[in-house]
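Have a look at the structure below, then the notes.
Starting from 1, each residue takes its place in the sequence as its number. Values reported hereafter were calculated over all heavy atoms of this structure, with side chains retained and with hydrogens, waters and symmetry mates removed.
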Amino acid sequence: MQYTHAVTHRKVWSLAGPMILANLSTPLLGMVDTAVVGHLSSPVYLGAVALGTMLFTFLFWGFGFLRMVTTGLTSQANSDANQSATRNVLIQSGLLAIFIAALLLLLQSPIGWLAFQIIEGSPEVLAAAQQYYHIRIWSAPATLLNYAILGWLIGMGASRSALVIVLVINICNIGFDLLLVNQFGMKADGVALASVMAEYIGLIFALFILSRRQLALKQIQLKKELQSIFNNRQGLNLHGNFMLRTLCLIFCFAFFTNQGAQQGDITLAANMVLLNFITFMAYVLDGFANATEVMTGNAIGQSDKHRLKRSLVLNGAWSFFVACLFSFVYYFFGNQIINLLTSIDAVSASATDYLFWVILAPVIGVWSYLLDGLFVGATLGREMRNTMLFAIFCCYLPAWFLLQGFGNHGLWAALIILLAARSIAQAVYLPRMLRSSD
């Protein structure tokens with residue numbers, strides 16, 4: 001599929017629209033996970049799913065570079081309609097995903113031991129979280145392969161195909177959640193098993209879509225492709241920088257969750273409820289970031305600065321408009337959303353106390369999501385890494401340290417400062433990026 005280069009509002013929505021719908025299903029899944037265990041008799045299971053989800057966010061999204069790098073490289077190669085180059089990007093990303101997943105499965109015991117030495121929580125919460133971990137880890141091969149395939153489809157401008165795959169995964173996950181927890185009486189273990197089953201169903205469907213695009217497994221020359229991966233030092237550096245950036249971002253939310261856990265099970269559960277607000281907003285705004293990735297990659301591939309500027313302006317305008325809508329909805333309907341997610345009165349009351357911060361988050365964080373798309377499309381891994389390190393060590397952690405006396409309010413304030421710092425640090429690179437695109 002050759003990409004259409006005109007940058008218009010219609011083009012923005014043709015790329016962003018399907019991805020927004022796809023992305024929406026992911027936080028909806030998180031909300032279903034929360035609601036399913038949030039209506040059980042104890043906050044222990046809500047806390048366990050919070051910690052288990054945090055751990056796998058760290059493990060799996062630490063390898064989210066498989067999607068980001070694949071999208072950037074594919075969109076740049078696709079600007080010249082180079083089918084051989086785009087196909088090679090997919091195959092090499094897929095093989096790298098399999099290699100990483102095999103390592104995760106082989107090392108699952110020491111990884112789990114180390115993780116639960118670091119994670120803090122009550123003994124009951126930790127026991128349920130460990131049960132969640134030992135089941136969910138088996139989704140690694142499917143999850144990482146799905147990252148690579150989705151990244152390739154987005155880079156090819158095939159947003160509708162990516163939408164269908166994500167919907168299949170998340171609809172299956174929601175269905176299995178309700179079946180295993182509500183019907184079969186499972187708890188955190190049922191939420192974990194639902195994720196495993198859904199990821200493999202999604203992978204089977206994704207491979208079917210690739211076969212429809214004349215991409216067959218028999219085309220892969222395994223030895224040659226593996227040599228290409230490990231001989232390409234520039235490519236490995238790019239993957240490494242994106243991985244470090246992603247691990248840093250996940251560390252921020254893991255740190256946030258862990259600090260909340262130290263304040264008790266109720267605060268931990270309340271923060272998990274409110275993080276669904278952040279996640280929902282982020283996944284929608286990521287639709288515009290995905291559109292920016294594709295448009296930037298094509299503009300860079302064609303050395304067209306005008307197209308690059310226009311794509312950034314149009315995606316930025318729509319992103320900010322949608323961010324304002326989120327703040328509006330959270331302000332007027334935040335309490336109702338909280339009550340949908342949990343029926344535990346203490347958790348609901350605690351979440352309401354901190355609702356202000358998630359009302360503020362969309363209009364502060366929107367720019368960091370947008371600029372992530374720009375950096376991914378331009379494959380600026382080193383720059384993404386540097387801005388993230390600056391935001392964490394010069395802003396987020398110092399802010400948390402100074403604001404500890406304010407309890408959970410201080411923790412939320414530090415998170416908002418992180419979002420603002422990322423945006424400012426990324427914006428510093430814009431003039432140089434625009435000059436280099438001539």
[X] side chain to [Y] main-chain N or O, any donor-acceptor pair under 3.5 Å?
X: Trp357; Y: Leu411; result: no
X: Tyr133; Y: Gln108; result: yes
X: Thr143; Y: Ala140; result: no
X: Asn315; Y: Ser311; result: yes
X: Tyr354; Y: Leu274; result: no
X: Thr71; Y: Gly151; result: yes
X: Asn408; Y: Gly260; result: no

- Message: In this structure, is the centre-to-centre distance between the rings of Trp13 and Phe288 below 6.0 Å?
- Response: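 Aromatic pair counts; centres sit under 6.0 Å.
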- Within the 6.0 Å centroid threshold, strictly below: Trp412 and Phe256: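 Yes - the distance between ring centres of Trp412 and Phe256 falls below the 6.0 Å cut-off.
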Any side-chain heavy atom of [X] within less than 4.5 Å of one from [Y]?
X: Met272; Y: Val49; value: yes
X: Glu199; Y: Ile169; value: yes
X: Thr257; Y: Leu275; value: yes
X: Leu355; Y: Val358; value: yes

Nearest 0.5 angstrom please: [X] [atom1] to [Y] [atom2], how far?
X: Asn276; Y: Asn271; atom1: CG; atom2: CG; value: 11.5 Å
X: Phe356; Y: Tyr331; atom1: CZ; atom2: OH; value: 11.0 Å
X: Ile171; Y: Ile201; atom1: CD1; atom2: CD1; value: 11.5 Å
X: Cys395; Y: Leu418; atom1: SG; atom2: CG; value: 8.0 Å
X: Leu15; Y: Ile154; atom1: CG; atom2: CD1; value: 10.0 Å
X: Tyr369; Y: Gln426; atom1: OH; atom2: CD; value: 11.0 Å

Heavy-atom pair of closest approach, residues [X] and [Y]:
X: Gly287; Y: Ile20; answer: CA-CG1, 3.7 Å
X: Cys252; Y: Tyr396; answer: O-OH, 2.8 Å
X: Cys248; Y: Met388; answer: CB-CG, 3.3 Å

- Item | Basic-acidic side-chain contact under 4.0 Å: Asp372, Arg245 |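 A salt bridge is present here (some side-chain N lies under 4.0 Å from a carboxylate O).
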- Query: Should Glu293 and Arg67 count as an ion pair when the cut-off is N to O under 4.0 Å?
  - Reply: yes
- salt bridge (charged side-chain N to carboxylate O under 4.0 Å, His left out): pairs with one or both residues in residues 138-149, sequence neighbours excluded: none
Could you pull out all donor-acceptor pairs under 3.5 Å where a side-chain atom in residues 202-210 meets a protein atom, sequence neighbours excluded?
none

- Residue from Leu312, Asp286, Leu285 passing side-chain contact (heavy atoms from CB on, under 4.5 Å) with Leu370: Leu312
- Message: With side-chain contact (heavy atoms from CB on, under 4.5 Å) as the criterion, how do Leu371 and Leu374 come out once you've worked through the C-alpha distance, each side chain's angles and the decisive distance to 0.1 Å?
- Response: CA-CA 5 Å; Leu371 292 173; Leu374 184 72; 4.1 Å; yes
- Do we see a donor-acceptor contact under 3.5 Å between the side chains of Ser348 and Asn339?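 A donor-acceptor contact under 3.5 Å links the two side chains.
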- Query: Do we see a donor-acceptor contact under 3.5 Å between the side chains of Asn241 and Arg382?
  - Reply: no
